[in-house]
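By convention in this document, chain letters (A, B, ...) are assigned in the order of the sequence lines, proteins followed by strands, and residues within each chain are numbered from 1. Being a predicted model, the structure only gives us computed values, none of them experimental.
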Amino acid sequence: MSGGHEGEPGTLERAVEATLFAAEEPLTVDALAAHLGGIAPGEVRDALTALESHYLRRGVHLVERGGRWHFETASDLAHLLRREKEQVRRLSRAATEVLAIIAYHEPVSRAEIESIRGVQTSAGTLDVLLEAGWIRLAGRREVPGRPVIYATTPTFLDHFGLTSRRDLPGIDELRAAGLLDPVDDALENAMRFDPDDEGEEGDSA
Amino acid sequence: MSGGHEGEPGTLERAVEATLFAAEEPLTVDALAAHLGGIAPGEVRDALTALESHYLRRGVHLVERGGRWHFETASDLAHLLRREKEQVRRLSRAATEVLAIIAYHEPVSRAEIESIRGVQTSAGTLDVLLEAGWIRLAGRREVPGRPVIYATTPTFLDHFGLTSRRDLPGIDELRAAGLLDPVDDALENAMRFDPDDEGEEGDSA
Amino acid sequence: MTADEAPLMFAPGDLARLDSDALYLELDGWEGPLDLLLDLARRQKVDLRQISILALVDQYLTYIERAGAMRLELAADYLVMAAWLAYLKSAMLLPKAEQEDPSPEELALRLQLRLQRLGAMREAAARLMARDRIGRDVFVRGAPEGLRTDRKTVWRSDIFAVIQAYGQVKSRTAPRIYHVANRPVMTLDSALERVSAMLGVTLEWMEIRDFLPPHASPELKRSALASSFVAALELAKRGRAELDQDGAFAPLRVRRLKEGAAQGPGA
């Protein structure tokens, strides 16, 4: 990498830039390294960091979503770029809630989703989210009945501009307040301890 | 970034950058101006000029083709878009036999190869040798049907470390080396199992 | 709060709608009793942790009563919840004395915790939907060139493999000459002749070994033994000789049959 101030981007930086521009989907550091002919991942990471800061002031940003990198337009330009045709999937309120519950609790079973919402979840709601590529089947919970459990996907992080699940709005506060713990755990904590207690130890997240 | 000539890109420059990045096809100055809410074309042109020079050193260039602007991979990095991945494979036994027959008998037609080998030879086997660059079409035999005849190439001599075909040991030498001793084919196969060999005769790999 | 969330957030003036005809529309928007309870709780404009379950229960029951009066086909879920809340209410109003295991306080707390969780998720969903979303607020490259990886096979071999392969082809396809060794044998015919002649000498039992040529090579001897045995069998079949053996592998003896006793098919 050519040192100094920004000025001339190094060869690898240019190669990473070109590759990510041309890629049809976000790429991991490893995928980039492999595509560039077996560069050390560390060097790719350095190039990404340099690019990220270079593009910070531009109309296009380099962002990391769930370990995968891609370019996207700067969010502050949204008002200029918004398209006439709505490209974004409109979600029903039910689907929105289910998505949030999965994202904040993952992995989570349908029964657990239903216990939070207090209503049955129609199969169609999960289908919509699966089809959008935002959630996936994440195996089965090893409890009687072995229910299927759901989790979010990298595409979900990508779509909502989240670097990782830790970026979910307010997730730290919700966890600290015990609001991501099952009601039974919270109840036990509330009955046993001072209500102000944060019920942290039952944390299963 | 030390101020320099470039400095912070202005909002219009950033907007043009983002618009061209997100566009599905190259855009004219007028289309850009309209898309950005009726900016004066002159300003758009200025922004394009600034962008063009900014991207000159990058891995992606802003280029104009027939009055339309778009981003494209820097030409010196175009090879990144189409990478070749080399995969080394050992020549199958069938192909090795065919190659040996061509080397010893060249120029030789497929029918002659088959009569020497005593088994049919799939077109795929010859294709592999052609692809490897070890054999070439050496014209046609002037007999009824004018079959294609094959011969080895300089690449063949090169790869196998031969100065000329005369370096190939003669029949007498082969016999002396025990290479003409009858072998039980089944036993022989069992002794030197070659994973590439499987189904070679029938397939076209 | 973007346009997406508008239907699920209630403006401060919403309470008024409780008394209006809009009731059914709101029911359409709700999926179940917990939903309705949460909404009622929100209207109290208090933190869900401070909420008065008793007040909430009252509101819910009032609501269901009115809705029921106007429209009968209220979902069973709503009525079950109403019944359960009515029970909860009465339990909470009764003296604390000897309550059943899940105390009304516990039931109320459980309800409150559930509402908190649903409320938290609903808010989280709203915040999630309000983020800059790809295809709406931010855009990825419109026409990416795409990356392609062409696999190219590089073939590898070596000269020994080629020479060896040629040797195998040659040896596999070379015409093979089969030699049949010319071994010394005694044919059945000559054995028959020999045994017949020797049997003519005496009427005594003779061991089959005695019929063999005394100076023959071991190979010829084995052949002679086999042929002589078959010859003996043949003679027995013709009624000209009889065989005798004490047991398996015991010496095999042969004797000429008297001419008169011969009933064979004739020679």
### Residue pair C/L34 / A/I116: nearest heavy atoms and the distance that separates them
CD2-O, 3.9 Å
### Query
So do C/V140 and A/E25 actually touch side chain to side chain, heavy atoms under 4.5 Å?
no
### Message
Any carboxylate oxygen within less than 4.0 angstrom of a Lys/Arg side-chain nitrogen, looking at C/D35 and A/R117?
### Response
no
### Task
Measure the spacing between CG of C/L128 and CG of A/L162 and express it to the nearest 0.5 Å.
6.5 Å
### Message
To the closest 0.5 Å, what do you measure between CG (A/L187) and CG (C/L111)?
### Response
11.5 Å
### Query
Do side-chain atoms of A/S75 reach the backbone of C/D132 as a donor and acceptor pair under 3.5 angstrom?
no
### Task
Heavy-atom pairs under 4.5 Å with chain A are the metric here; pick the option from C/R110, C/Q116, C/Q112 that has the most.
C/R110
## Note on the structure
Looking only at heavy atoms, the pair that brings C/E145 and A/F21 closest together is OE1-O, 4.1 Å
### Query
If every non-hydrogen atom of C/A124 is compared with every non-hydrogen atom of A/L174, which pair is closest and at what distance?
CB-CD1, 4.5 Å
### Query
Under the 3.5 angstrom rule, does the side chain of C/R131 hit a backbone N or O of A/G161 as a donor-acceptor pair?
yes
### Summary
Scanning both residues in full, the closest heavy-atom pair of A/P169 with C/R127 reads CB-NE, 3.6 Å
### Summary
Heavy atoms of C/P144 and A/A23 approach each other most closely as CB-O, 3.5 Å
#### Entry: Counterpart residues, side chain to side chain donor-acceptor pair (under 3.5 Å), relative to A/E142 (two or more places apart)
A/R146
### Summary
Between the CZ atom in C/R122 and the CD1 atom in A/I101, the distance rounded to the nearest 0.5 Å is 9.0 Å
### Task
Sort by residue number and list every member of residues 27-38 of chain A having a non-hydrogen atom under 4.5 Å from chain C.
A/L27, A/H35
### Query
What distance separates C/M121 CE from A/T96 OG1, expressed to the nearest 0.5 Å?
13.0 Å
### Message
Keeping C/R114 on the side-chain end and A/S115 on the backbone end, is there a donor-acceptor pair under 3.5 Å?
### Response
yes
### Message
Measuring from atom CZ of C/R117 to atom NE2 of A/H105, what distance do you get when rounded to the nearest 0.5 angstrom?
### Response
7.5 Å
### Message
Can you tell me if C/Q245 has over 12 outside heavy atoms packed within less than 6.0 Å of its CD?
### Response
yes
### Task
With a 4.5 angstrom heavy-atom cut-off, could you sort out which part of A/F71 is near chain C: side chain, backbone, both or neither?
backbone
### Summary
Among A/P26, A/A74, A/G170, A/A103, the residue with the most heavy-atom pairs under 4.5 Å to chain C is A/G170
#### Entry: A/D158 versus chain C, the contacting section by heavy-atom distance below 4.5 Å
both
### For the student: nearest non-hydrogen atoms of A/A78 and C/D137, plus distance
CB-O, 3.2 Å
### Message
Tell me whether the count of non-hydrogen atoms from other residues, nucleotides or ligands lying under 6.0 Å of CZ in C/R222 goes above 12.
### Response
no
#### Entry: Identified side-chain contact (heavy atoms from CB on, under 4.5 Å) partner of C/V138 from the options A/E72, A/H159, A/H61
A/E72
### Summary
Counting heavy-atom pairs under 4.5 Å with chain C, the top scorer among A/L168, A/V98, A/I171, A/T19 is A/T19
### Task
Return the option, out of C/L113, C/L115, C/L37, with the maximum number of heavy-atom pairs under 4.5 Å with chain A.
C/L113
### Task
Evaluate the criterion side-chain contact (heavy atoms from CB on, under 4.5 Å) for residue pair C/L147 and A/E24; output intermediate values, then yes/no.
CA-CA 7 Å; C/L147 302 173; A/E24 276 155 347; over 6 Å; no
